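Quantities reported herein were computed from a predicted structural model and do not represent experimental measurements.
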Amino acid sequence: MGIRLRITVLPGDGIGPEVIAEALRVLRSVADLFGHQLETFSHAIGGAALREHHDPLPAVTLAACRTSDAVLLGAVGGPAFDNVAPELRPEQGLLRLRQELGCFANLRPAVCYPALVQGSPLKADAVAGANVMIVRELLGGLYFGKPRTVHGDVGSREAVDTMRYTEPAIERIARVAFDLARQRRCLLTSVDKANVLACSRLWREVVTRVGQEYPDVRLSHAYVDSCAMALAARPTQFDVILTENMFGDILSDLAGALVGSLGLLPSASIGGRIGLYEPVHGSAPDIAGQGLADPLGAVLSTAMMLRHSFQLHREAECVEAAVAAALDRGLRTRDLAGKNSRCVSTSEMGEGIAEAVCTLATPREIVT
């Protein structure tokens, strides 16, 4: 029996509106095939909201997010906003939204599709079969810690950012990671810098303690620098990687090299009542409006939405399989195309995935 999917859509800046349009195209195909009622409401965030409302997260946008079942976001930011006041930067709107929704856990999967193994800048035999889930703590660390100041006279100024974590914050993100590891290969690597940072020493102690409640999950610890090297050299050794906010931000971008492009990476920000789903890539204003953007990260973010916000696991698998099928057919946007490959546009890629959805759903699943 179908359910209602009430989603607030935040297209954002740059290529955001283009990739979100294709994600919605695929989501509509899934909803129609499986008999779900899709309701979407579009609102501004980031630079677009700054231009329209003089606020990167207007009250009307936040209110819409709070009354929906899930939020789908494109991307925010761009060089046009580099000189605005720090509190008005587009990225501040996103940080505030995550905080307001209580999204403390950021899930960033990186899957190396067989059709793209040769496209990775890393050795094909090293990345083949790589399937990593990075669990990033999203509401603590340097991005939210206070005090945060710049003071002094020009020429001798001092800047201060504060990394801060509490035991409860570490414990709750650790449980998310351990629970995910149980659903996968039961391997968890906790990443820190415990040889230097007090926050990391607390992190390691708390994660170790929580791990005693999960005897079926094999826990290991790694320093962030050595983990980065191992992730590039031997990515298949990793299953779930747990880490704090800034380290997770950096490592998840490195994971883009495993799969061949940041454009392929989705994410889910969960923990509160309402989940926030967005591709990992930025707003890429240099290619905005040209039909060159890769929509796969946005499309795969809808699969995560179906799974985590609506518990529609079969529908999520259908989207993921449709992406793989489109890639197997040779569909490539510019970021994925090799020298002898034909590039398709953003909309052509979205159309190809939507068509694949229709062929992958079994007759008993299709509502007529």
Side-chain angles (χ1 to χ4, degrees), residues 12 16 19 73-77 91 94-95 97-98 103-113 116 120-122 126-127 130-144 163 173-174 176-177 180-181 184 187-193 200 203 207 222-271 275-284 294 296-305 307-308 320 323 335-336:
V19 298
L73 170 70
V76 298
E91 295 82 2
L94 176 56
L95 292 177
L97 179 60
R98 290 169 175 169
C103 297
F104 68 86
N106 186 227
L107 314 183
R108 295 191 169 190
V111 178
C112 185
Y113 289 92
L116 297 178
S120 173
L122 306 179
V127 299
N131 186 335
V132 181
M133 174 66 80
I134 296 176
V135 179
R136 169 191 173 194
E137 200 289 322
L138 205 57
L139 296 182
L142 284 170
Y143 294 1
F144 288 94
M163 178 181 282
I173 190 66
V176 170
L180 279 171
R184 293 167 56 93
L187 302 175
L188 176 61
T189 304
S190 179
V191 175
D192 57 43
K193 194 63 176 170
S200 284
W203 182 282
V207 171
Y223 295 144
V224 63
D225 43 357
S226 62
C227 177
M229 182 175 179
L231 189 58
R234 302 179 302 278
T236 56
Q237 79 177 52
F238 294 101
D239 181 21
V240 176
I241 295 176
L242 165 66
T243 191
E244 62 87 46
N245 206 340
M246 184 176 69
F247 295 161
D249 196 359
I250 296 168
L251 290 177
S252 57
D253 274 20
L254 173 60
L258 308 183
V259 301
S261 171
L262 276 180
L264 279 164
L265 300 183
S267 78
S269 299
I270 60 175
L276 171 64
Y277 302 87
E278 57 181 309
V280 170
H281 62 70
S283 62
D294 186 345
L296 295 185
V299 170
L300 290 168
S301 294
T302 68
M304 299 188 79
M305 176 192 295
R307 179 174 289 113
H308 293 285
E320 292 161 348
V323 168
D335 60 316
L336 301 175

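- Not counting sequence neighbours, the partners of Glu278 by the salt bridge (charged side-chain N to carboxylate O under 4.0 Å, His left out) test are Arg98.
- The closest donor-acceptor contact from the side chain of Arg136 to the backbone of Met246 lies at 3.5 Å or more, if one exists at all.
- Within the 4.5 Å cutoff, the side chain of Tyr223 has no heavy atoms near those of the Val191 side chain.
- A donor-acceptor pair is defined here as one N or O able to donate and one able to accept, closer than 3.5 Å; no such pair exists between the side chain of Ser120 and the backbone of Gly260.
- Distance CG/Leu296 to CG/Asp335: 7.5 Å, rounded to 0.5 Å.
- At distances below 3.5 Å, at least one donor-acceptor pair connects side-chain atoms of Ser200 with backbone N or O atoms of Lys193.
- From Leu258, atom CG reaches atom CG of Leu122 across 6.0 Å, with rounding to the nearest 0.5 Å.
- Listed by chain and residue number, nothing satisfies the side-chain hydrogen bond (donor to acceptor under 3.5 Å, both in side chains) test with Tyr113 (two or more places apart in sequence, or in another chain).
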| query | What's the verdict on side-chain contact (heavy atoms from CB on, under 4.5 Å) for Asn106 and Asn245, showing C-alpha distance, side-chain angles and the deciding distance? | reply | CA-CA 9 Å; Asn106 186 227; Asn245 206 340; over 6 Å; no
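- No donor-acceptor pair closer than 3.5 Å links the side chain of Ser267 to the backbone N or O of Arg108.
- For Glu137 (side chain) and Gly140 (main-chain N/O), a donor-acceptor pair under 3.5 Å exists by modelled atom type.
- In this structure, the side-chain hydrogen bond (donor to acceptor under 3.5 Å, both in side chains) partners of Arg234, at least two apart in sequence or on a different chain, are Gln237.
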| task | Check step by step if side-chain contact (heavy atoms from CB on, under 4.5 Å) holds for Cys227 and Phe238. | result | CA-CA 10 Å; Cys227 177; Phe238 294 101; 4.1 Å; yes
| request: Take Tyr277 and Ser269 through the test side-chain contact (heavy atoms from CB on, under 4.5 Å) and record every step on the way to the result. | output: CA-CA 6 Å; Tyr277 302 87; Ser269 299; over 6 Å; no
